[in-house]
S.K.: 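Following this message is one structure expressed as structure tokens.
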Amino acid sequence: MKIATWNVNSVRARMERVVAWIEDKQPDVLCMQEIKCLDEQFPRQVFEDLGYRVATFGQKTYNGVAILAKQNLEDVVRGLPGETSDAQKRVLGAQVGDTLILNLYVVNGEKVGSEKFAYKMEWMARVAEFVRERYDMSEKIVLCGDFNVTFDDRDVYDPEGWREKILCSTPERTALAKFGELGLRDAFRHFTTEGGHYTWWDFRTGGFKRDHGLRIDHFLMSDAALAACRGIEIDKGARGGEKPSDHAPVIAHME
DNA sequence: ATGGTGGGTTCCCCA
């Protein structure tokens, strides 16, 4: 079974690329972030025609998450506990087979010390609390998505240039490490220890052609899920070509 | 320190 995560940066703008990618890679599950549309604007029928069940949690213009799955999506969870209907749409959970999947689009945070940064910290803490309350770590738990945080300097093309900057700061890394304390492992690091593997390259700096990237899209797995994981693949090729997203898809190969 | 590009919407916001 293949579980994929991809920040598509607008599903409607990316449709041609996403459909071609699905036809090529045939993921069993695809978690998308930044769909940037309302549920009723989501091109559901196209994916259903490709053989997927579809769950969405969208909003106008910004954010929005979706899960496609070849199997039934059960116990779908939209958002965090206590959120009102105007909250940013960043969390979508579902059970697929014996695996509990939580698709996350973590707050970007703009700049360390900003108002948005404070919101990022508060939001990440709320996600961790939700995970601690809701999930039994003896189960197969898979958190995936755009975490907008690097684990350590191996995930950064220029660690000194990014020192304590957004996506790389100590408070963010500490908040990400909190999931480790809950029993969720960085699946990529279970297989690969060397640096230089990235999932996002900034449009603005033309970072992709110089491989100026960061690894911010992750799979965090319980030990039960990790035991079924055969490898993590970053599909860097999907970041190239015409009209790409600024993120590469990441695939967890599960038994 | 700033700005660059790209997406969605709108007379600019967000990444």
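We name chains A, B, ... by the order of the sequence lines, and we start the count at 1 in each one. Below, each value reflects all heavy atoms present in this structure, side chains not excepted, and no hydrogens, waters or symmetry copies.
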S.K.: Please enumerate all residues that pass side-chain contact (heavy atoms from CB on, under 4.5 Å) together with A:Arg173, with sequence neighbours excluded.
M.R.: A:Val149, A:Thr150, A:Asp153, A:Val156, A:Cys168
S.K.: Write down the distance between CD (A:Gln59) and P (B:dA15), rounded to a whole number of angstrom.
M.R.: 10 Å
S.K.: Please report the distance, rounded to the nearest Å, between CD in A:Glu16 and P in B:dG7.
M.R.: 13 Å
S.K.: Taking salt bridge (Lys or Arg N to Asp or Glu O under 4.0 Å) as the test, write out the residues that go with A:Arg78, two or more places apart.
M.R.: none
S.K.: Starting from P on B:dG6, measure out to CZ on A:Phe208 and report it in whole angstrom.
M.R.: 14 Å
S.K.: Measure all distances between protein nitrogen or oxygen atoms and nitrogen or oxygen atoms of nucleotides 9-14 of chain B, and list the pairs falling under 3.5 Å.
M.R.:
residue: B:dC14; atom: OP2; partner: A:Lys116; partner atom: NZ; Å: 3.3

S.K.: My understanding is that only residues two or more places apart in sequence, or in another chain, count here; which of them pass side-chain contact (heavy atoms from CB on, under 4.5 Å) with A:Gln41?
M.R.: A:Arg12, A:Cys37, A:Leu38
S.K.: Starting at the 5' end of DNA chain B and moving along, which residue's nearest nucleotide shows up first, A:Lys243 or A:His247?
M.R.: A:Lys243
S.K.: Of the non-hydrogen atoms in A:Asp211 and A:Tyr157, which two are nearest, and what is the gap between them?
M.R.: O-CB, 3.9 Å
S.K.: How far does the P atom of B:dC11 sit from the matching atom of B:dA1, given to the nearest Å?
M.R.: 31 Å
S.K.: With A:Lys25, which residues qualify under salt bridge (Lys or Arg N to Asp or Glu O under 4.0 Å), at least two apart?
M.R.: A:Glu233
S.K.: Please tabulate, one pair per line, each protein N/O and nucleotide N/O from nucleotides 1-5 of chain B that are separated by under 3.5 Å, including the distance.
M.R.:
residue: B:dT5; atom: O4'; partner: A:Phe203; partner atom: O; Å: 3.3

S.K.: Please state how far atom CD in A:Gln33 lies from atom P in B:dG7, giving the value in whole angstrom units.
M.R.: 17 Å
S.K.: Nearest-Å distance, CG (A:Asn7) to P (B:dA15)?
M.R.: 11 Å
S.K.: Please measure how far the P atom in B:dG6 lies from the corresponding atom in B:dT2, and state the result in whole Å.
M.R.: 23 Å
S.K.: When the P atoms of B:dT9 and B:dC14 are compared, how many Å lie between them, rounded to an integer?
M.R.: 14 Å
S.K.: If I take atom CG in residue A:Asn9 and atom C1' in nucleotide B:dG6, what distance separates them, rounded to the nearest angstrom?
M.R.: 7 Å
S.K.: Could you tell me which residues satisfy side-chain contact (heavy atoms from CB on, under 4.5 Å) with A:Ser138, sequence neighbours excluded, listed by chain and number?
M.R.: A:Asp136
S.K.: Test of understanding: with salt bridge (Lys or Arg N to Asp or Glu O under 4.0 Å), list the residues that count as partners of A:Arg239, not counting sequence neighbours.
M.R.: none
S.K.: Roughly how many Å is it from CD in A:Glu34 to P in B:dG7, rounded to a whole number?
M.R.: 12 Å
S.K.: Would you call A:Glu83 and A:Arg90 a salt bridge, using N to O less than 4.0 angstrom?
M.R.: no
S.K.: Whole-Å distance between B:dA15 P and A:Lys165 NZ?
M.R.: 19 Å
S.K.: Sequence neighbours left out, what pairs pass ring pair (Phe, Tyr, Trp, His ring centres under 6.0 Å) with at least one residue falling in residues 46-65 of chain A?
M.R.: A:Phe42-A:Phe47
S.K.: For B:dG6 and A:Arg14 - does any side-chain N or O of the residue sit under 4.0 Å from the phosphate oxygens OP1/OP2?
M.R.: no
